[in-house]
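For this chain, numbers begin at 1 and follow the sequence in order.
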Amino acid sequence: MAHHAHLSGVFAPQREEVDINDLEVDGEIPDDLHGTYLRNGPNPRFDPIGSYVYPLDGDAMVHRLEIADGAAHYRNRFVRTPMVLAEERAGHAIWSGLTDGYTPSADEVGPDLAGTFRQLPDINIVQHAGRLLAMAESDQPYRLDPAGLGTIGRDSCDGAMAVGSTAHPKIDPSTGELVLFNYLLEAPYLTWAVIGPDGTTRRPPTPVEGVDRPLMIHDMALTTRYIVLFLCPLVFDVGAMLNGGSLLQWHPESGTRIALIPRDGGSIRWVDSEPMWVWHFANAFDTDGDQASGGDTVTVDYVEWTYPGAFADMPRAASSTLVRAILDPARGTITRTVLGESVDVEFPRVDDRRLTLPHSRVATVGRSGGDTGDRDSLWFHDLQAGTETCWRPGVAIGEPIYMPGERHDYWGAFGTDPDDLTSSFYVLAAEDPAAGPLATVRMPIRVPAGLHGAWLPAGEPVEAVPPIG
Ligand SMILES: [Fe+2]
C-alpha cells in the first residue's frame with residue numbers, strides 16, 4: 001500500500017488506540033488554556049482493497065487532546081461503523097473504495113449489511129446540544145460518547161439530518177442554532193435545515209428552490225441573516241461514470257451561482273459569478289447599508305480555487321488564495337478581492353466565537369514548495385491591520401484551530417515530521433503566532449495528517465444528551 005501517497009508517510013493510517021496522560025511538553029502550556037481539541041480524518045482500519053480516494057475514502061479516527069492546568073492528555077479511537085466492526089471480525093478489509101462500486105454479499109457480511117457502501121464519517125467533528133458528531137460528506141453523522149470516544153451510532157439529529165448533512169454545518173454562537181445543508185443526487189438536489197440549541201429540529205430538511213442538477217458542495221457560510229451556498233459547477237454525472245469517466249464533471253461554462261438563503265425562510269437571493277471552486281469558507285457576516293454605500297451586503301471570506309483539480313480528473317490546480325467576496329443581495333452583484341499574498345493555502349479558520357460576525361484573524365495552511373509537497377506552513381492573516389505572517393515549522397502541518405484562553409488566545413495545530421514521523425501539537429500565541437510555539441506537545445503516537453477539528457472550551461455542558469433519532 002506504500003504506493004499510495006495518501007496511505008504512506010505523514011498520511012499513513014494509525015492503527016493503535018491509546019490513552020496517555022501527561023504528555024511530554026517542550027516549553028510551557030499556558031496556564032490560562034483549558035479545553036479539548038478534537039480532530040477527525042481518514043484512517044482506514046485495514047489496508048484498502050481496490051481504489052482509495054483521498055480525502056473521502058477511509059474509516060474515521062478521532063484524536064482528542066485535553067489541555068488543563070499546563071498538562072496535556074491524549075486519547076484516540078476509530079469511529080466504529082458497522083463496516084469497521086464487520087472488518088474487525090474478519091481481520092481484513094471487505095468493502096471496496098468509493099469509486100469501485102463493489103458491495104459485499106450476504107454470504108460475506110450477513111443480510112443487514114449486504115449491498116451497503118462503506119460509511120465515511122471521517123471529515124469533521126462537531127459538538128452541538130450535547131451531541132458529539134463525527135461528520136461525513138453528505139450523509140448522516142456518527143454520534144460518539146464524549147467521555148470515552150466510543151461509537152454510539154448513526155444519528156439523524158431529531159430528523160434535521162434525516163437525508164444527510166454537509167460535514168461542515170455551522171453553529172451560530174449568538175442563537176446556539178446549528179444550520180446545515182445537504183446535497184442529493186436526485187431532486188430536489190439541495191436542502192437546508194436548522195437544529196435548535198436544545199437539539200430539536202427547528203426546520204426540517206427544506207428544498208432549496210431553483211436547483212436543477214446534482215452539484216458537489218463541500219462547505220457553507222453563515223451570517224446572522226443568511227445561509228451562503230456557493231453552487232460551483234462541479235456536477236455529479238452518473239452516466240459519465242458508467243461510461244468510464246469521472247463521477248464528477250467540471251462545467252465552467254455554467255459559472256458559479258451563489259445562493260443567499262434567508263434564515264427566516266424568505267425567498268432566496270441569487271448572485272451569479274465566474275466559475276470557481278471552493279472547498280472551505282473562513283466566515284461570513286452581514287453589513288447594514290447606509291445612504292452613502294448603498295444597500296445591505298454580505299461579506300464572505302473563503303479559499304478560492306480556479307478549478308477543483310484532480311478531483312474531477314483534471315490537472316492539479318495551480319494555486320488557491322484567500323478571497324473576500326462582497327455580495328449585494330438586492331442587486332445580485334459580487335466583488336472579489338484577494339487577501340494578502342499567500343498562495344496555495346487551504347483550511348481557513350477563525351475564532352469560532354466570531355462565526356456570523358465580523359472577524360479579524362484568519363489562519364490558513366500553506367505549502368512552501370519543499371521536497372515532500374506536504375502542507376508545511378501556517379499563514380496568519382490580520383484583516384484589520386492588513387498584515388499576514390507565516391510560520392514554517394519544518395514539518396507537515398494540519399488545519400489550525402483557534403483556542404481562547406482566560407487571559408490570552410492561542411492557535412493550535414498538529415504536525416508530523418516527515419523524516420522521523422513523530423507528531424506534535426503546537427500552541428502558538430494568537431498575538432504573535434509567527435514567533436513560534438509557546439509549547440510543543442510531543443504526541444505519544446503518530447497523528448496522521450488529517451482533516452478538520454474542533455476546540456471545546458472546558459466546562460461545555462454535556463449533561464443534556466438527546467436520544468438518537
Ligand atoms: Fe472540509
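Proximity of the aromatic rings of W391 and F380 is defined here by a centroid distance below 6.0 angstrom, and this criterion is not met. Between Y37 and F414, a ring centre-to-centre spacing shorter than 6.0 Å is recorded. Close placement of the Y183 and F236 rings is indicated, their centers lying within 6.0 Å of each other. Centroid-to-centroid, the aromatic rings of F46 and H92 stay 6.0 Å apart or farther. The distance between the ring centers of F230 and F281 falls below 6.0 angstrom.
Ion pairing between E87 and R89 fails under the 4.0 Å rule for side-chain N and carboxylate O. Contact check on R375 versus E346 returns no salt bridge, with no Lys/Arg side-chain nitrogen under 4.0 Å from an Asp/Glu carboxylate oxygen. For D409 and R353, the salt-bridge test passes: some basic side-chain N is under 4.0 Å from an acidic carboxylate O. A salt bridge is defined here as a Lys NZ or Arg NE, NH1 or NH2 lying under 4.0 Å from an Asp or Glu carboxylate O, and R15 with D47 meets this definition. At a threshold of 4.0 Å, the pair R80-D59 does not count as salt-bridged, since none of the basic side-chain nitrogens sits closer than that to a carboxylate oxygen. Between D145 and R77 no salt bridge is recorded (no basic side-chain N to carboxylate O distance below 4.0 Å). Under 4.0 Å is where a charged nitrogen must lie from a carboxylate oxygen, and between R203 and E177 no such pair does. Using a 4.0 Å cut-off between a side-chain N of Lys or Arg and a carboxylate O of Asp or Glu, D374 and R367 do not qualify as a salt bridge. Salt bridge annotation for R407-D31: present, with a cationic side-chain nitrogen under 4.0 angstrom from a carboxylate oxygen.
Shown are V441, N21, D19, I445; of these, the side chain to side chain contact (heavy atoms under 4.5 Å, CB included) with Y74 is made only by I445.
Nearest heavy atoms, P141 versus M135: CB-SD, 3.6 Å. Y410 approaches A429 most closely through the heavy-atom pair CD2-CA, 4.1 Å. Residues P233 and T256 approach most closely at CD-OG1, 3.4 Å, considering heavy atoms. Closest of all the heavy-atom pairs between V395 and G415 is CG2-CA, 4.1 Å.
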Scan the side chains in residues 450-459 for donor-acceptor partners under 3.5 Å anywhere in the protein, sequence neighbours excluded, and list what turns up.
from : atom 1 : to   : atom 2 : distance (Å)
H452 : ND1    : E399 : OE2    : 2.7
H452 : NE2    : H168 : NE2    : 3.0
H452 : NE2    : H280 : NE2    : 3.0

How far apart are the C-alpha atoms of D139 and R154, what are their side-chain angles, what is the distance that settles it, and do they pass the side-chain contact (heavy atoms from CB on, under 4.5 Å) test?
-> CA-CA 10 Å; D139 201 352; R154 250 155 86 95; 3.2 Å; yes
Take D122 and N43 through the side-chain contact (heavy atoms from CB on, under 4.5 Å) test and state the conclusion after the steps.
-> CA-CA 8 Å; D122 58 4; N43 197 88; over 6 Å; no
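Taking CG from N124 and CG from D219, the interatomic distance works out to 8.5 Å, rounded to the nearest 0.5 Å. Of the inter-residue distances, the one linking L383 atom CG with E388 atom CD reads 9.5 Å to the nearest 0.5 angstrom. The distance from the OG1 atom of T440 to the CG atom of D26 is 5.5 Å, given to the nearest 0.5 Å.
Of the possible polar contacts, one joining the D32 side chain to the H408 backbone as a donor-acceptor pair under 3.5 Å is found. Of the possible donor and acceptor atoms, one in the side chain of R131 sits under 3.5 Å from a partner among the backbone N and O of G199.
Taking the salt bridge (Lys or Arg N to Asp or Glu O under 4.0 Å) definition, one finds that E304 meets it with R336, sequence neighbours left out.
Between N182 and S138, the side chains place a donor N or O and an acceptor N or O closer than 3.5 Å (distance only, hydrogens not considered). A donor atom on one side chain and an acceptor atom on the other are found under 3.5 Å apart for R361 and Y402.
Heavy atoms of other residues, nucleotides or ligands lying less than 6.0 angstrom from CD of E24 number 12 at most.
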